[in-house]
Amino acid sequence: QWVYNILEKKAEADRIVHENPDPSNGFVLVPDLKWNQSQLDDLYLIALVHRREIKSLRDLTAEHLPLLRNVLQEGKEAITKRFGVPGSQLRIYLHYQPSYHHLHVHFTALGYDAPGSSVERAHLLADVIDNLAMDSMYYQKRALTFPLRADEPLFKKFQEAGKV
């Protein structure tokens, strides 16, 4: 609901850094709640796409390339304009598994070791775009490795199934 409140401007409208209102290829860029916005060393923003049917990396196909390219290009431009951080100094990625199931993209300062920015969970947006351009169904076909904590319900299901 938090995501929908932001997209509908019922909450945090004053925190929006950039918005592309297009219902198919648009998004809202907001500072992540973990970032205090006062120092650039730990810069952290989230792009929330307007499309509600895209839950995670697994849902993406080549049809979504215009959306993903918009997020990448406009997100970098907005951050450069607002915070003076060039796109070359950003890590731009999606999580798999995501912490909530509405497609969102993380923008962090390259030097910041943000939680979940490691290779086990983060998929660079530029790589996602390239993979989908090569194979529209890439993320439906590919095995995706991801970490789980021992106390997570999904981990317990893997244990019960004899997969761990």
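Because the structure is a prediction, the values reported are computed rather than measured.
Looking at Tyr4 and His102, their side chains come closer than 4.5 Å, going by heavy atoms from C-beta outward. By the 4.5 Å heavy-atom criterion applied to side chains, Gln97 and Glu152 are not counted as neighbours. No side-chain heavy atom of Asn70 sits less than 4.5 Å from a side-chain heavy atom of Asp22. At least one side-chain heavy atom of Ile16 sits less than 4.5 Å from a side-chain heavy atom of Lys9. No side-chain heavy atom of Ile46 sits less than 4.5 Å from a side-chain heavy atom of Lys34. Contact annotation: the side chain of Leu57 approaches that of Val128 to within less than 4.5 Å [non-hydrogen atoms, C-beta and beyond].
Note that CD of Gln73 is 9.5 Å distant from CD1 of Ile129, once rounded to the nearest 0.5 Å. Of the inter-residue distances, the one linking Leu45 atom CG with Leu29 atom CG reads 5.0 Å to the nearest 0.5 angstrom. Put simply, CG on Asp14 and CD on Glu12 are 8.0 Å apart, with the number rounded to the nearest 0.5 Å. Between the CD atom of Gln89 and the NZ atom of Lys76 there is a distance of 12.0 Å, given to the nearest 0.5 Å. A distance of 13.0 Å separates CZ in Arg121 from CG in Leu144, rounded to the nearest 0.5 Å. Within the model, atoms NE2 of His104 and CG of Leu94 stand 7.5 Å from one another, a figure rounded to the nearest 0.5 Å.
Contacts classified as ring-ring contact (aromatic ring centres under 6.0 Å, His included) and involving residues 80-99 (residues at least two apart or in different chains) are given here: Trp35-Phe83, Tyr93-His95, Tyr93-His106, His95-His106, Tyr96-Phe146. Here ring-ring contact (aromatic ring centres under 6.0 Å, His included) pairs that include residues 49-74, with residues two or more places apart or in two chains, number zero.
Between Phe27 and His18, the ring planes are tilted. Angles from 30° to 60° get that label.
No more than 12 heavy atoms of other residues, nucleotides or ligands shown are found within 6.0 angstrom of NZ on Lys157. Heavy atoms of other residues, nucleotides or ligands lying less than 6.0 angstrom from NZ of Lys55 number more than 12. No more than 12 heavy atoms of other residues, nucleotides or ligands sit less than 6.0 Å from atom CG of Asp113.
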